[in-house]
Amino acid sequence: MTAERHPRGLAYLALTEAWERFSFYGMQALLVLYMVTTLLPAHPEAKVIGFAGFRAAVEAVTGPLSPQALASQIFGLYAGLVYLTPLLGGLVGDRLLGGRRTVLLGAGLMAAGHFLLAFDASFLIALALLILGSGCLKGNIATQVGRLYEAGDTRRDRAYLLFNFGINIGAFAGPLVCGTIGEAKGAHWGFASAGFGMLAGILIYAAGWRWLPNDRPRGRNVTREAGQVGDGRRIAALLGLVLLSAFYNVPFGEGYNVFPLWVNAAADRHIFGLEMPVAWYLASDGLVTVLSTPLVLMLWKRQAAAGREPSVTGKFAIGCAMLAAADLLLAFYARGWREPHSLGVLWGFGYFLLSSSAYLFVMPVLLAAVSRAAPPRLAATLMGVAYAGLFVANLTAGWLARFYEPLGASGFWALNAAIAGAGVLAALTFGRLLSAPLEPSSEAP
């Protein structure tokens, strides 16, 4: 498999993930504002099943929370758990159902969760289904991308960029469509539209079934695969990369948590007498990543031909530096335009122009490294570990969001810039130690 053309299954996997991300980001674009402006002020203990007990449990840990802090904490818990459950989903795919059936199970749970968000009473049940569904889907579908290629196939890194191209098509379209519907007709309609997007993903995945990689053998009677020399070093290096990625993912998590609240208050969103939805800022996240992907692919291809392509950790350092610049830009905005609705409508897009381009230097690189270097018997499980790193990052981002009001906007965004800047230093300090075991030459035969 050395030709430039990619396997046909990649297109089906990328399209499935595009619709899954359409629903995921379309819902997320509405979630925090919906909680702050609609759900939490309306005595949710009386209308949401289980909310009184849930709130008591959260505040037993955090102390009393304002509506903004509680909404950010709920968002952080949801966004974090979405990325913890792929660890369980990887085990289910590896040991019980197989990857393909586990993906279908996850997609069905997610569709049900989106539709249940259309009703206040089932708010917590819906979030629970979305968390479990994403856990079944994410690690298993990402692993299938890598399994389309043989060991040592140099197209794998670029395949993950193309896979992420599909992800970010969905990340652009979801907030644009669901966010617009949500602001025009109400958040419940926006949540339901995300459910229909997930149904489209299920149909595409089923249509491409014959082109997908076969599941690995599973069950108690399957012969256990022998380990290879260097497996321990590769696993340790992958775990180090997961930790390193947190320096990017913690501050980037605030882009969907606190940024919508900040830009809603800071920007004058009127254009020609019409008010632009807040969700359109979040839609630019996916659009920028889509437009940046061909440029980054071209850059890496030229660097590889010249023998100058950055290492895995070198790419991480570039991504963290770009995100630090994005957060410093928000700190500058917040300091220069202190009055509500004084920031021009277009300036807020500058944040995603930097932060979303930075994404390409971190998460696709991490997923490709896991696919390339993980021992085959642990591939889906270690992919789940990679996503579990996002659990810690988003949980931390939700906790940090409670300091938005005490620090003020300028101080809060400067704090996030410092976290990303620390990631640059960590990547440069530990770069050689982490990158060497993950280079293609170190793969097991």
Side-chain angles (χ1 to χ4, degrees), residues 4-22 24-26 28-29 138 141-142 144-146 148-149 153-177 197 201 204 241 245 248-249 252 255-256 280-306 308-323 325-326 349-372 383 386-387 390:
E4 282 297 318
R5 185 167 182 172
H6 289 272
R8 190 167 178 177
L10 179 62
Y12 286 100
L13 293 174
L15 286 171
T16 300
E17 188 70 351
W19 280 109
E20 187 269 334
R21 294 289 92 179
F22 171 94
F24 181 83
Y25 285 108
Q28 281 198 171
K138 288 197 67 63
I141 198 169
Q144 288 173 26
V145 174
L148 291 170
Y149 302 86
D153 194 324
T154 58
R155 295 173 301 165
R156 184 183 281 140
D157 282 18
R158 287 154 184 79
Y160 273 98
L161 269 184
L162 293 170
F163 182 65
N164 275 275
F165 185 84
I167 287 175
N168 287 286
I169 288 286
F172 164 63
L176 195 67
V177 175
I204 289 171
L241 277 189
S245 70
Y248 173 87
N249 287 315
F252 185 71
Y256 280 81
W280 286 18
Y281 288 103
L282 305 185
S284 70
D285 173 28
L287 178 62
V288 168
T289 310
V290 165
L291 295 178
S292 299
T293 296
L295 300 178
V296 173
L297 278 169
M298 186 184 305
L299 173 65
W300 289 355
K301 188 173 182 178
R302 289 184 176 181
Q303 289 175 328
R308 294 186 290 105
E309 185 173 359
S311 66
V312 171
T313 50
K315 292 172 182 177
F316 272 41
I318 293 170
C320 286
M322 294 173 69
L323 182 58
F349 289 105
Y351 169 76
F352 285 109
L353 182 63
L354 287 167
S355 66
S356 303
S357 299
Y359 170 86
L360 294 172
F361 291 86
V362 181
M363 287 310 296
V365 175
L366 174 61
L367 297 181
V370 173
S371 174
R372 179 175 63 244
M383 193 67 75
Y387 284 116
L390 287 168

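Only a predicted model underlies this, so the values are computations on that prediction, with no experimental measurement involved.
- In this structure, the separation between CG on Leu10 and CG on Leu15 is 9.5 Å, given to the nearest 0.5 Å.
- At least one side-chain heavy atom of Phe352 sits less than 4.5 Å from a side-chain heavy atom of Leu282.
- With a 4.5 Å cut-off on side-chain heavy atoms, Leu241 and Thr313 count as touching.
- What you find for Pro175 and Gly170 is that their closest heavy atoms are CD-O, 4.1 Å.
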From CA spacing to verdict: side-chain contact (heavy atoms from CB on, under 4.5 Å), Leu323, Tyr351: CA-CA 9 Å; Leu323 182 58; Tyr351 169 76; 4.2 Å; yes
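- Taking both residues in full, the closest heavy atoms of Ile169 and Val290 are given as N-CG2, 3.4 Å, listed atom of the first, atom of the second, then distance.
- Using a 30° and 60° split on the angle between ring planes, Tyr256 and Phe252 fall in the perpendicular class, above 60°.
- Residues Val145 and Ile141 form no side-chain contact, since every pair of their non-hydrogen atoms from C-beta on lies 4.5 Å or further apart.
- For the pair Ser356 (side chain) and Thr289 (backbone), a donor-acceptor distance under 3.5 Å is absent.
- When the side chain to side chain donor-acceptor pair (under 3.5 Å) test is applied to Tyr12, no partner is found at least two apart in sequence or on another chain.
- Atom CG of residue Leu366 and atom CG of residue Leu390 lie 8.0 Å apart, to the nearest 0.5 angstrom.
- In plain terms, the two heavy atoms of Ser357 and Ser292 that are nearest each other are OG-OG, 3.1 Å.
- Tyr359 is linked by a side chain to side chain donor-acceptor pair (under 3.5 Å) to Asn164, counting only residues two or more places apart in sequence or in another chain.
- Between Trp280 and Leu176 the shortest side-chain heavy-atom distance falls below 4.5 Å.
- Looking at heavy atoms from C-beta onward, Trp300 lies out of side-chain contact with Leu295 at the 4.5 angstrom threshold.
- Across all their heavy atoms, Gln144 and Leu13 have their closest contact at OE1-CD2, 3.4 Å.
- The two atoms that bring Gln303 and Pro310 nearest to each other are OE1-CD, 3.1 Å, heavy atoms only.
- Here the side chains of Asn249 and Met363 are in contact, with some heavy-atom distance below 4.5 Å.
- With values rounded to the nearest 0.5 angstrom, Leu360 atom CG is found 11.5 Å from Ile318 atom CD1.
- In terms of heavy atoms, Ala171 sits closest to Arg21 at N-CB, 4.1 Å.
- In this structure, the ring of Phe361 has its center no less than 6.0 angstrom from the ring center of Phe316.
- With salt bridges taken as basic N to acidic carboxylate O contacts below 4.0 Å, one links Glu17 and Lys138.
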